[in-house]
Amino acid sequence: MRWSKTFIPTMKENPSDAEIPSHQLMLRAGLIRQLMAGAYTYLPLGWRSVRKAEAIVRDEMERAGAIELFMPALQPIDLFEKTGRKAAFGKVLINFQVQRGDRLVHLALGPTHEEVVTDLMGRHLNSYRQLPICVFQIQTKFRNEERPRFGVLRTSEFLMKDAYSFGTSLEQLNEVYDRMYHAYCRIFTRCGLKYLPVEAESGPIGGDASHEFMVPANNGEDRIVHCPKCSYAANLERADTGRKPASIALAPNAAALETVSTPNATSIEQVSRMLKCAPAQMIKTLIYLADGRAMAVLIRGDHEANEAKVRRALKAGTLQLADEKTIRQVTDAPVGFAGPVGIKCPILADHDVPAIVNAVTGANQADAHFTGVNAGRDYKLETTYDLRMAQAGDPCPKCQGTLELVHGIEVGHVFKLGTKYSVALGAEYLDEKEQRHPLIMGCYGIGVNRIVASLAETCFDEDGLIWPLAIAPYEVLIIPLNVTDPETMVVAEKYYAELQAAGIDVLMDDRDARAGFKFKDADLIGIPLRVVIGGKGLKEGQVELRWRWDQTASKAPVDSAIATVKQMLADRKAEEIAKVPA
RNA sequence: CGGGGCGUAGCUCAGCUUGGCUAGAGCGUCUGGUUUGGGACCAGAAGGUCGCAGGUUCAAAUCCUGUCGCCCCGACCA
């Protein structure tokens, strides 16, 4: 492609409403333009990258045995009502009524396609002989994000690869799951992304039922912990800590239990300020309803409870924070003054709680707290549990290492669904004994445009983007410095034609502009291999070759430069492919 | 949905506190000339519903009310 014939609106300055690198660079390099909050046009350059990512995803999905199909973005709302997800999605589900003849049709724009695919496959998969099967599509998804943000990272409309597997057994499910997991590793490696597969909250099946693929990035909205010593990585909702149950013994320096007046101080922050004690000295007492029964959960004041862990520790089906009435019943006090001493419900404590000597807690009466609260004397515990969010510095649950906290961008998610949708939509098959069973499903998603955005977010320098060869909109950029010089243009045109003939994606900057101007644009859009043809070099019979990520350029004789370029590209591709897990 | 910020030329912003002349600058665009290996220089030109609506006033980019949009923090995110 010739620069003058395509559309690459680069910008020298950062638009004021872009704050993070990917957003700024994608705008400046002319990859995207915003239409409204959460909706972006992909300009020619950006779209080329998206399509390259898409091609890799498609290639690897097919390699892993998944079959491509294409489902409508428009979906009847009834399907979401049957699975209960109209309510579950709430306002996030874009849905509306349209007039059709004399009636109204209620439609949704698919936020994902579990309903549609389960409905489809349920109608046509009748026998265990047809299973397992895995289908996928690459489609635009719609979600009415409460708050779109981070440029192109979180939008209301986005390109997603979603795959769905159907099988007769957990073994079949696990087999596809592992294959998809492996395909994801190959995809993200081929795309040149540094990624981390992390354990994610797994829902109904439990165990190893869900992994997210994260790209570590400062601006990622997800927080994950990982252990640099072993491979353990998990998102914050899921992450276990390697802490052990605490010994529950009265400390020798335990002070006496005292009641102090704390009028209107109901939060950890207010009490710590009023009593001049550190939040870590306090015990947060959260009253939950676990399957309807009140339960006090004790967490150190500066920590954050993890409800999933609480639910698992209690083996409870449902868990929710208790209502005001329940809190009054078990504490005899208004909300904000709960404490373990004398509370009228069972107590569950985090590992770190008994270690607090002379803790501050609510006194279970209005406007009062206790000081000098000590485990084993003022409240009784049998043992302790891992009930809080993991944080940096916690011991690793798998080895002797120490957990680190990093932010990440979720680019992929694999999930063992089980029978939730097949049961709701009556998608069943007949087994060898002519018995009916719901299909056992898995779902596997990749944010295709997030792959591109993640690269923009993580691969750049002060001059602009630095694309990996596999995702770069063009592999080679030819820059004839002086387009009015016939000698330069003869060489440039020859290179351009030869590279195109060799099937290489080549862009030629044929604009009549100054050298510095073209170099700045070249750096900004980040094409991996730059070929500069200028008067100086030509006098010596040479052109200049430079990788975007290299500081220095190399020279090549005019006649053999194209062969060198082809060789450099081939070597680099081989290098990138060598990293892909077999 | 709570909190904060912003809306003036294609982009970045000044002007607003304390209302008053023809609403400015840099970059970009166009024309002519000089330049030509890291965002050139000179001369000239075009480009504005000051987000929108209403109000106050002799007079509103500026003050008031409402409204829309965008960004950020939080809540939310199968």
Side-chain angles (χ1 to χ4, degrees), chain A residues 9-20 23-24 27-28 30 33-40 80 83-93 108 110-115 117-118 141-151 153-156 158 160 162 164 200-204 209-210 212 219 221-223 235-237 410 413-418 420-421 424 441-445 447 462-464 479-485 488 509 511-525 530-540 542-544 546 553 555:
Chain A
T10 59
M11 286 189 283
K12 198 162 158 181
E13 286 171 298
N14 271 325
S16 56
D17 48 10
E19 294 207 348
I20 65 170
H23 195 193
Q24 294 178 335
L27 284 167
R28 286 188 52 208
R33 280 297 179 272
Q34 184 180 57
L35 176 64
M36 58 181 177
Y40 288 82
F80 288 91
T83 57
R85 289 170 100 203
K86 181 169 187 284
F89 270 116
K91 281 180 280 185
V92 172
L93 183 69
T112 171
H113 281 69
E114 276 85 357
E115 281 80 0
V117 79
T118 307
K141 309 291 186 189
F142 299 87
R143 293 181 197 179
N144 181 33
E145 290 296 343
E146 296 282 316
R147 187 183 150 215
R149 62 183 125 175
F150 299 135
L153 280 175
R154 187 170 190 79
T155 51
S156 305
F158 53 96
M160 181 166 154
D162 48 329
Y164 305 91
E201 200 44 65
S202 46
S210 172
E212 290 169 347
N219 290 301
E221 1 173 30
D222 296 291
R223 287 184 299 168
N235 72 16
L236 206 59
E237 289 72 51
E410 183 186 349
H413 197 166
V414 290
F415 199 96
K416 295 178 189 175
L417 281 174
K420 176 179 172 185
Y421 296 96
M441 296 173 55
C443 69
Y444 318 91
E462 63 276 9
D463 293 316
I479 307 184
L481 286 182
N482 183 359
V483 298
T484 60
D485 173 42
T488 301
D509 190 350
R511 294 174 298 173
D512 185 8
R514 299 172 66 85
F517 185 89
K518 293 204 206 186
F519 286 142
K520 288 290 183 190
D521 264 356
D523 288 344
L524 182 58
I525 69 171
R530 191 181 82 178
V531 180
V532 176
I533 304 160
K536 275 188 196 167
L538 285 184
K539 269 182 205 145
E540 304 162 12
Q542 295 198 309
V543 296
E544 180 190 296
R546 197 184 94 166
K555 300 230 159 124

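All chains are named by letter (A, B, ...) in the order of the sequence lines, taking the proteins before the strands, and each is independently numbered beginning at 1. In what follows, every heavy atom counts, from backbone to side chain, and hydrogens, waters and symmetry copies are set aside. Please read all numbers here as calculations on a predicted model, not as lab measurements.
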Looking only at heavy atoms, which two atoms of [X] and [Y] are closest? And how far apart?
| X | Y | value |
| --- | --- | --- |
| A:K141 | A:H113 | NZ-ND1, 2.6 Å |
| A:K518 | A:D509 | NZ-O, 2.9 Å |
| A:G445 | A:M160 | CA-CE, 4.1 Å |

If only atom types and distance count, is the side chain of [X] paired as donor or acceptor with the main-chain N or O of [Y] below 3.5 Å?
| X | Y | result |
| --- | --- | --- |
| A:R85 | A:F80 | no |
| A:K91 | A:E146 | no |
| A:R154 | A:E221 | no |
| A:K420 | A:T83 | no |

Between A:G38 and A:N14, just flag the one whose closest nucleotide in RNA chain B comes earlier from the 5' side. A:N14
[X] side, atom [atom1]; [Y] side, atom [atom2] - distance, nearest 0.5 Å:
| X | Y | atom1 | atom2 | answer |
| --- | --- | --- | --- | --- |
| A:L27 | A:Q24 | CG | CD | 8.5 Å |
| A:Y444 | A:D162 | OH | CG | 12.5 Å |
| A:I533 | A:N482 | CD1 | CG | 12.0 Å |
| A:T112 | A:L93 | OG1 | CG | 11.0 Å |

Contact string for nucleotides 31-42 of chain B, one letter per nucleotide 5' to 3', B = base within protein heavy-atom range under 4.0 Å, S = sugar-phosphate only, - = neither, reads ----BSBBBB--
Contact letters for nucleotides 73-78 of chain B, in which S counts primed atoms plus P, OP1 and OP2 and B counts the base, heavy atoms under 4.0 Å: BBBBBB
What integer distance in Å separates A:N219:CG from B:C71:C1'?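 In whole Å, B:C71 C1' and A:N219 CG are 14 Å from each other.
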Separation of A:E19 atom CD from B:G5 atom P, in whole Å? 15 Å
Opposite nucleotide pairing with [N], Watson-Crick or G-U, both atom distances under 3.5 Å:
| N | answer |
| --- | --- |
| B:C1 | B:G74 |
| B:A59 | none |
| B:U67 | B:G51 |
| B:U31 | B:A43 |
| B:U22 | none |

Rounding to the closest angstrom, what is the interatomic distance between [N] and [M] at atom [atom1]?
| N | M | atom1 | result |
| --- | --- | --- | --- |
| B:C72 | B:G26 | P | 31 Å |
| B:G51 | B:A60 | P | 15 Å |
| B:G38 | B:A45 | C1' | 29 Å |
| B:A40 | B:C27 | P | 10 Å |
| B:G4 | B:U12 | P | 25 Å |
| B:U67 | B:A59 | C1' | 25 Å |
| B:A61 | B:U8 | P | 15 Å |
| B:U18 | B:C13 | P | 25 Å |

Between A:S16 and B:C13, is there a side-chain N or O to OP1/OP2 distance below 4.0 Å? yes
For B:C71, does either OP1 or OP2 sit under 4.0 Å from a side-chain N or O belonging to A:Q34? yes
Salt-bridge test for A:D523 and A:R546: reply yes if a basic N is under 4.0 Å from a carboxylate O, no otherwise. yes
Is the number of heavy atoms from other residues, nucleotides or ligands under 6.0 Å of A:R223 CZ greater than 12? no
Report all interatomic pairs (protein N or O, nucleotide N or O of nucleotides 51-53 of chain B) with separations under 3.5 Å.
none

